[in-house]
Engineer: 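Structure provided below as structure tokens; questions to follow.
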Amino acid sequence: MDKQYQHQEIEDKIYQLWLDSGQFAPVNKPKPGAKSFTIIMPPPNANDSLHVGHALGITIQDVLTRYHRMLGDDTLYLPSTDHAGIETQYVYEKNLAKEDKSRFDFDRQTLYRMIWDYVQNNSQVAMAQTKRLGASTDWSRFKFTLDKDIQDFVLTTFEKLYKDGLIYRDYRLVNYSPAAGTSYSNLEVVYVNRTSPLYYVRYPLLPLGDAKTKDDKKIDTSSKYVVVATTRPEPIFVDTHLAVNPKDKKNRHLIGRQVLNPLTDQHMTIIGDDFVDPKFGTGVVKLTPAHDHDDYRVAKKHNLPIVAGIDTRGKITENGGKYAGLSVKKARLAVVEDLQAKGLIEKINEHYQNRVATCYKTGQPIEPLPLPQFFIKVKDPKHNLVKKALASLNSKETKIHGAGREKILRHWLKNLEDWNISRQIVWGIKMPIWYQVDSFEYQINLSFIDQKKQQKFGLLQDLLKKTSLKTISKGLQQISAGPDVPFIISRNQPTTTKHKYLPETDTFDTWFSSSQWPVATLATNQTTDLKRFYPTQVMDTSYDILPFWVMRMMLMCTYLTGKSPFKDVYLHGLVRDAKGIKMSKSKGNVVNPIEIVDHYGADALRMAIVIRSTAGQDKSFGEADYKAGRNLANKLWNASRYVLSQDADSFKDNKSDPKFTLKLKKVVDQVSEQLDQLKIGQAADNLYSHFWHWYCDQVIESAKQNQVTLPQLQAGLATFAKLFHPFMPFITEQIWQELFKKKLVTDSLLMTSPWPKNSL
RNA sequence: GGUCGCAUAGCUCAGUUGGUUAGAGCGCACGAUUCACAUUCGUGAGGUCAAAGGUUCAAGUCCUUUUGCGACCACCA
């Protein structure tokens with residue numbers, strides 16, 4: 001054995017030894033009565049290589065997996081990668097932009113194929129990195145979120161939801177870019193500070209009818225106008241209501257009164273809602289439900305009409321009367337001019353600073369538009385998904401570990417709204433929806449790539465005048481069918497000749513497929529896996545995706561199986577650098593875990609990452625911590641080197657230490673208990689101190705003073721090798737192989753040797 | 001504005017249902033070492049556990065208030 005531990009020469013060899021043993025996979029015939037222990041790896045995004053955050057998760061998961069494998073549980077650690085819909089497409093489009101191309105240059109199939117190839121490469125990299133970290137994952141059960149069988153599983157779930165009446169189609173305001181001809185997710189919207197004119201518009205106030213309350217009599221009725229400050233006067237013609245805050249002393253008397261629409265002279269009622277900020281502008285707002293997210297919510301709450309004034313091309317709709325067909329920009333000028341002519345503009349603040357939503361790509365304004373989207377009912381009376389998730393928290397069927405996060409989860413669940421699962425991107429699982437085209441050509445907007453590779457878009461009935469449905473279908477990019485267009489659910493093109501169909505181009509929200517992950521990965525593996533490994537034991541993930549992922553897994557998996565998908569949710573913290581600053585590419589403080597592995601060894605990294613870590617709490621570490629990990633590895637190495645070099649002769653005068661066995665057992669009990677309770681950081685810390693400051697500093701030293709026997713020393717080493725193995729698998733396995741060679745232990749592989757709890 | 005956290009040694013952080021003298025790593029000071037390991041060993045300095053009040057035989061730990069920091073959600077017409 002070398003004087004210093006050389007991880008470079010050992011890690012790959014040891015990983016291969018484990019792979020060759022085939023023991024990462026759960027044993028074919030588990031012992032009767034063996035409990036199952038399952039961890040499904042949260043799939044890392046397959047659009048980039050792993051960062052230290054992944055290393056933290058993988059270490060925690062692998063520590064628990066290795067511990068339970070040694071306990072003799074029927075253990076499965078299932079690896080995977082995620083297509084990460086919007087994020088991946090975003091990353092990929094950035095790369096396209098470098099070549100002066102965009103997604104609009106390609107039809108769906110071509111674009112999908114290109115992203116697929118890109119992701120496959122990254123997925124391979126992520127898997128190789130996972131191996132370098134020592135993850136004892138069963139590679140034969142690996143799953144990618146866009147594998148054919150996973151896609152089929154997700155579609156089956158959608159069909160089941162539809163049959164159970166939990167799927168519906170409804171309008172939702174989406175971020176639509178008329179310039180690009182598509183809608184965007186919130187991630188793709190860039191808010192830009194701009195100076196735009198703030199118009200103070202006068203709404204003629206109708207005289208009071210008969211005063212009904214005492215208060216009404218006191219009100220000064222001499223004011224002729226209600227003034228509203230707005231940056232967006234152009235859709236005023238579709239406005240039907242104004243709003244004030246009922247707590248606003250200055251304006252609350254206006255609630256229930258009527259004004260004239262300054263453009264159409266229609267009567268508008270003033271309503272009360274506390275979303276209005278009395279201190280802003282005049283304290284009175286106009287409601288444009290079809291084109292503003294707040295107004296939309298308020299309109300829904302008060303059952304107000306939602307009238308579209310702007311269409312997907314960014315033009316004023318027919319509802320706009322004389323303004324119909326004008327672009328938003330031109331309409332604004334025209335509207336302001338008309339209002340000024342009527343004397344209904346009190347003043348204009350030309351220097352108003354506001355935040356404008358723009359398209360990240362074109363820089364053009366985003367228009368919130370109501371478009372039909374698919375939703376999952378989360379509080380259906382018959383299948384109340386939220387209620388079941390809350391029930392499993394109440395009954396402790398699922399426990400949340402991590403600094404008060406259970407309260408946050410409950411808060412999210414209670415306030416959860418129906419889940420919009422439509423995404424207007426290519427990179428994902430395509431929704432199995434087909435729209436009936438015939439008789440509804442006038443309600444279908446779409447864009448496609450024609451035979452000359454040119455992008456065309458517009459209303460289907462217009463497009464059909466020049467292009468065949470077949471050509472449109474072939475080059476289809478994005479479709480938007482009106483709410484009345486009939487649709488059928490089918491995985492393939494409908495074969496019926498009765499109607500003609502075009503497919504929905506939306507894909508499922510990434511989280512819709514990942515919400516089924518624990519069930520989907522097991523159900524699409526070996527036939528008995530779901531029964532054998534579900535519910536899983538531990539779900540480890542970082543706390544920032546608690547609502548997006550963990551909560552939705554609880555909703556969907558419970559819906560699919562009747563059982564909550566995991567017993568314990570371990571929420572690890574975010575990884576920060578040595579100065580406590582959050583890692584990000586822009587700050588340049590991102591650490592590539594593989595560089596640490598190269599330099600200090602995987603064991604050193606794993607130890608540095610988990611020691612003294614706590615669920616739900618962020619952790620920062622740097623060079624000093626890696627060094628400490630490496631030093632520990634070296635300490636283990638040299639203690640082993642010493643013990644292995646001793647022979648019975650030199651120990652023939654040694655007396656047995658009567659307290660040794662008891663103390664060792666105490667360490668085993670403590671570490672076991674801490675691991676059982678998922679106190680991984682404490683277990684590591686505990687192990688570190690006892691090994692270094694008790695076994696090395698005291699036991700080995702007193703052995704030199706003839707106070708400890710050689711068998712005691714050897715038993716201590718073998719036991720610590722076992723205890724350290726979940727944390728530092730490579731070096732401990734290597735030490736074990738030396739012990740095995742000297743016939744000091746009987747198991748040929750430390751990884752599958754029994755945990756010392758029962759063997760002392 | 002709403003919700004949830006955090007505050008312990010110079011730095012980064014542990015501290016189990018409240019229970020001896022509050023711990024670790026790094027850093028610091030002094031010393032040692034051909035005998036497993038200088039990626040080592042020994043000795044030591046360093047803490048009114050954010051502040052105030054309360055419960056208790058006993059509080060870093062439980063309760064209340066205050067201060068500072070952070071995260072998430074909502075909002076910016």
Side-chain angles (χ1 to χ4, degrees), chain A residues 1-6 191 193 196 198-201 228-233 239 242-244 274-277 279-288 291-295 297-298 352-356 402-412 414-415 543-548 573-574 576-580 582 600-601 604 607-608 611-614 616-646 670 673-674 677 679-686 688-689 692-693 696-697 700-701 703-704 713 717:
Chain A
M1 287 171 85
D2 288 329
K3 200 168 170 182
Q4 289 185 354
Y5 172 58
Q6 307 292 343
Y191 287 89
N193 287 320
S196 20
L198 183 66
Y199 305 94
Y200 286 77
V201 181
V228 174
T230 180
T231 53
R232 296 210 61 181
D239 294 351
L242 300 182
V244 298
D274 46 17
F275 97 101
V276 182
D277 179 358
K279 289 186 212 108
F280 190 91
T282 61
V284 187
V285 301
K286 71 185 184 76
L287 295 177
T288 312
H291 302 290
D292 183 279
H293 288 97
D294 286 326
D295 297 359
R297 196 169 344 162
V298 174
Y352 179 68
Q353 288 276 335
N354 71 339
R355 294 178 74 206
V356 180
R405 305 282 163 187
E406 182 170 334
K407 283 185 191 169
I408 294 178
L409 178 58
R410 285 174 186 275
H411 185 258
W412 270 95
K414 282 172 193 157
N415 296 300
Y543 61 74
D544 52 345
I545 55 173
L546 176 67
F548 303 113
L574 305 179
R576 295 164 184 275
D577 69 11
K579 288 173 191 156
K582 200 169 165 177
Y600 296 105
M607 201 63 185
I611 193 165
R612 275 166 265 120
S613 70
T614 329
Q617 221 58 52
D618 291 355
K619 184 157 203 267
S620 56
F621 51 84
E623 289 296 312
D625 303 278
Y626 308 135
K627 274 186 193 158
R630 179 203 54 186
N631 293 357
L632 174 62
N634 195 55
K635 191 73 180 172
L636 260 166
W637 186 251
N638 273 293
S640 310
R641 204 154 70 88
Y642 175 76
V643 172
L644 285 163
S645 66
Q646 302 306 307
Q670 272 183 13
E673 198 186 326
Q674 283 163 335
Q677 294 175 356
K679 310 215 168 197
I680 297 161
Q682 281 182 49
D685 194 22
N686 195 2
Y688 182 111
S689 339
W692 200 306
H693 300 300
C696 293
D697 292 353
I700 291 184
E701 290 312 311
K704 291 175 189 169
L713 217 49
L717 180 63

Engineer: A:Tyr688: which residues meet the ring-ring contact (aromatic ring centres under 6.0 Å, His included) condition with it, sequence neighbours left out?
Structural biologist: A:Trp692
Engineer: Taking only the P atom of each, what is the distance from B:G5 to B:A14 in whole angstrom?
Structural biologist: 16 Å
Engineer: Classify the side chain of A:Lys635 versus the base of B:C37 as yes if they form a donor-acceptor pair under 3.5 Å and no if they do not.
Structural biologist: yes
Engineer: Searching all strands shown, indicate the nucleotide that pairs with B:U34 (Watson-Crick or G-U wobble; both distances under 3.5 Å).
Structural biologist: none
Engineer: The side chain of A:Cys696 lies closest to which of these nucleotides: B:C72, B:C4, B:A36?
Structural biologist: B:A36
Engineer: Is the phosphate of B:U16 approached by A:Lys679 (side-chain N or O, under 4.0 Å from OP1 or OP2)?
Structural biologist: no
Engineer: Would you say A:Trp692 places a side-chain N or O within less than 4.0 Å of OP1 or OP2 belonging to B:C41?
Structural biologist: yes
Engineer: What integer number of Å spans the C1' atoms of B:G60 and B:G15?
Structural biologist: 8 Å
Engineer: Does A:Lys3 offer a backbone N or O that forms a donor-acceptor pair with the side chain of A:Asn638 under 3.5 Å?
Structural biologist: yes
Engineer: Who passes ring-ring contact (aromatic ring centres under 6.0 Å, His included) against A:Tyr600, sequence neighbours left out?
Structural biologist: A:Tyr626
Engineer: Provide a list of protein-nucleic acid N or O atom pairs under 3.5 angstrom, restricted to nucleotides 25-28 of chain B.
Structural biologist:
from: B:G25; atom 1: OP1; to: A:His693; atom 2: NE2; distance (Å): 3.2

Engineer: Please identify each residue that fulfils side-chain contact (heavy atoms from CB on, under 4.5 Å) with A:Gln682, with sequence neighbours left out.
Structural biologist: A:Gln674, A:Lys679
Engineer: Are A:Leu287 and A:Leu242 packed together at the side-chain level, in the sense that at least one heavy-atom pair is separated by less than 4.5 angstrom?
Structural biologist: no
Engineer: For B:G1, which nucleotide in any strand shown is its Watson-Crick or wobble partner with both distances under 3.5 Å?
Structural biologist: B:C73
Engineer: Which pairs would a plain distance check flag for residues 627-635 of chain A, meaning a side-chain donor or acceptor within less than 3.5 Å of a matching protein atom at least two apart in sequence or in another chain?
Structural biologist:
from: A:Asn634; atom 1: OD1; to: A:Tyr5; atom 2: N; distance (Å): 3.2

Engineer: Counting side-chain heavy atoms from CB outward, which of B:C37, B:U16, B:G42 is closest to A:Glu701?
Structural biologist: B:C37
Engineer: Could you tell me whether the side chain of A:Lys704 has a donor or acceptor atom within less than 3.5 Å of a complementary atom in the base of B:A36?
Structural biologist: yes
Engineer: Does A:Arg612 have any side-chain contact (heavy atoms from CB on, under 4.5 Å) partners at least two apart in sequence or in another chain, and if so, which?
Structural biologist: A:Asp685
Engineer: Can you tell me which nucleotide in B:C37, B:A24, B:G15 comes closest to the side chain of A:Asp685?
Structural biologist: B:A24
Engineer: Please determine, for the side chain of A:Ile408, which listed nucleotide (B:A36, B:A14, B:C4) has the closest atom?
Structural biologist: B:C4
Engineer: Can you tell me the Watson-Crick or wobble partner of B:U12, both distances under 3.5 angstrom?
Structural biologist: B:A24
Engineer: Watson-Crick or G-U wobble partner for B:U17, using a 3.5 Å limit on both distances?
Structural biologist: none
